[in-house]
2 protein chains.
Amino acid sequence: MSRKSFQRWSMDARRRSLLEATLHCIAEHGMNGASARRVAERAGVTAGLIRHYFGSKDAMVSAAYAYLIGQLTGEAEESSEQAGEVPERRLARFIVANVTSPNLSSRKVALWATFIGRVRTEPEYSDIHRESYREFLALLETLIHPVLLALERPADPVTCKHYAIALNALIDGLWLEGGLGHGLYDTALLPKIALSAAEGILALPNNTLMQYVAVDKSSSQPATQ
Amino acid sequence: MSRKSFQRWSMDARRRSLLEATLHCIAEHGMNGASARRVAERAGVTAGLIRHYFGSKDAMVSAAYAYLIGQLTGEAEESSEQAGEVPERRLARFIVANVTSPNLSSRKVALWATFIGRVRTEPEYSDIHRESYREFLALLETLIHPVLLALERPADPVTCKHYAIALNALIDGLWLEGGLGHGLYDTALLPKIALSAAEGILALPNNTLMQYVAVDKSSSQPATQ
DNA sequence: TTCCTTGTTATACGACAGTATAACTGTAAG
DNA sequence: CTTACAGTTATACTGTCGTATAACAAGGAA
């Protein structure tokens, strides 16, 4: 009986492979299901590599949290960047991107929630969360500010921040409940609901945001995995 | 060496004690920390009782989820009931109750999130979540409807439902981020932000809701445990 | 008091957890 | 082609996991 043959990968590739395997196990079987052996098997290696690359299984799991958050904010930023120059259009597209596929993903919601549950008591998690939330708020503020200016509305930092907090909550909430896919309403409604509510929160004239987005009127589109 | 002496409790009391111990362990040490032995020790019994009362540890954990959700919706309903008869006041109080202590609790947010992470793949969890979300939406709709009527605004079921979805998202998001206590802003701001945003979402005149709530202008009040 | 029911403890068991260590082997440098 | 390093496997070890089972005792019924 000979040993398993293997390939040597670059540190980055191997780490990423293990992190993705970790996320897979957590999404599919919960925190309990992400055992060292199971994650290693999913990544096609043996459990010893976890120690080699991350020092411990717990360190790997928190690294997976950071990795997931990086993906999420990356996607969100990307979608706001490719929306052109019109401030209202940028904001509208950003909001919609967060309540439609691929961001509206039950897998991502499940992962996010699982990790959020540990933010309260574990400092590493809490640091990662705080930083990502700060980033998201800042991004929203920079999207909101020019919209207010264009309408000659007060746009001082405090006002912008309060708007950003409320808008972030709206987006988080819709993303969360929409992503969970409870089937209580058609998730194709989410863009319209989100934009209409955002216009209300920012006290913008009707259609200020809505006009920039083609709202899907067709039938249900289930959330992606 | 003699046996530990014990008392026989009623089925309800013993079950509740075990469920609360389960929630404690999950909140403090995550899903992994809620082992049968640890939960039993916290409840002051031995692990065998879990099998006796719930059949298995997994069944106990999902029962704990249902127990938690019952507490949450119970508190929310209670706070809306003791708000008098004025529709605007009832809605305002309900919203504020969800972003202030004791509902704004980092422990509850952490527990909620931990369970939500399992909604996607485990049917029992998904059922419990769907039902509680449906209840919350329905409650919001019954609060929103009379407010719209009083202002002679269209109040058909579809409109109410869309408003309820958006408002629920706003409340969920503020509760979540506020409860996590990241320290990025003063959580005493949340009632004002929530009411202002709610007025915007529902397109109500300024202060329609705000006038019914004394907004705390004093210094930071950290979220309760 | 005495007996019976059953809630509760105590213990054993196999499975699997995380990880430390040693042996092996892929790969690039010399 | 050889050598040496380090990425990777294999394995062993101790602890804890969930739970099945049997002994025990609390407290009401007779």
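These values consider heavy atoms only, across backbone and side chains, with no hydrogens, waters or symmetry-generated copies. Protein chains get the first letters and strands the later ones, always in sequence-line order, with residue 1 at the start of each.
Minimum atom distance to the side chain of A:S56 is reached by C:dT19, of the listed D:dT19, C:dT19, D:dG27.
In this structure, the NZ atom of A:K57 is 9 Å from the P atom of C:dA17, given to the nearest Å. Distance CE (B:M31) to P (D:dC17): 15 Å, rounded to an integer number of Å. Taking atom CG of B:L49 as the reference point, atom C1' of C:dT9 lies 8 Å away to the nearest angstrom. The CZ atom of A:F6 sits 8 Å away from the P atom of C:dT27 (whole-angstrom rounding). In this structure, A:H52 places its NE2 atom 11 Å from C1' of D:dC5, rounding to the nearest Å. The distance from atom CD of B:E41 to atom C1' of C:dT9 is 15 Å, rounded to the nearest whole Å. Between A:N32 atom CG and C:dC16 atom C1' there is a gap of 13 Å when expressed in whole angstrom units. Rounded to whole Å, the distance from CD1 on B:I50 to C1' on C:dT9 is 13 Å.
Side-chain contact between A:D172 and B:D172 is absent, with no heavy atoms from C-beta onward closer than 4.5 Å. The side-chain heavy atoms of B:I165 and B:L140, taken from C-beta on, include no pair separated by under 4.5 Å. A 4.5 Å side-chain heavy-atom check between B:I69 and B:F115 finds every atom pair outside the cut-off.
Nearer the 5' end of DNA chain D, as judged by each residue's closest nucleotide, is the contact made by B:R38, out of B:R38 and B:S5.
The pair A:R38-A:E41 does not count as a salt bridge, with every side-chain nitrogen at least 4.0 angstrom from each carboxylate oxygen.
Note: A:L174 CG to B:N168 CG = 8.5 Å, rounded to the nearest 0.5 Å.
A sub-4.0 Å separation between OP1 or OP2 of C:dG7 and a side-chain N or O of B:Y53 is absent.
Aromatic ring orientation, B:H24 versus B:H29: perpendicular (interplanar angle above 60°, classes split at 30° and 60°).
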For this session: Going 5' to 3' through nucleotides 10-16 of chain D, assign each nucleotide B (protein heavy atom under 4.0 Å from a base atom), S (under 4.0 Å only from sugar-phosphate atoms) or - (no protein heavy atom that close).
Result: S-B----
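Between the side chains of B:E124 and B:H129, no donor-acceptor pair of N or O atoms lies under 3.5 Å.
B:F54 comes within 4.0 angstrom of nothing in the nucleic acid, heavy atoms only.
The list of side chain to side chain donor-acceptor pair (under 3.5 Å) pairs with a residue in residues 55-75 of chain B, not counting sequence neighbours, reads B:E20-B:Y67, B:E75-B:K108.
Contacts between residues 8-26 of chain A and DNA chain D, defined by a heavy-atom separation under 4.0 Å, are made by A:R8, A:W9, A:R14.
Not a single donor-acceptor pair under 3.5 Å links the side chain of A:S17 to the backbone N or O of A:A13.
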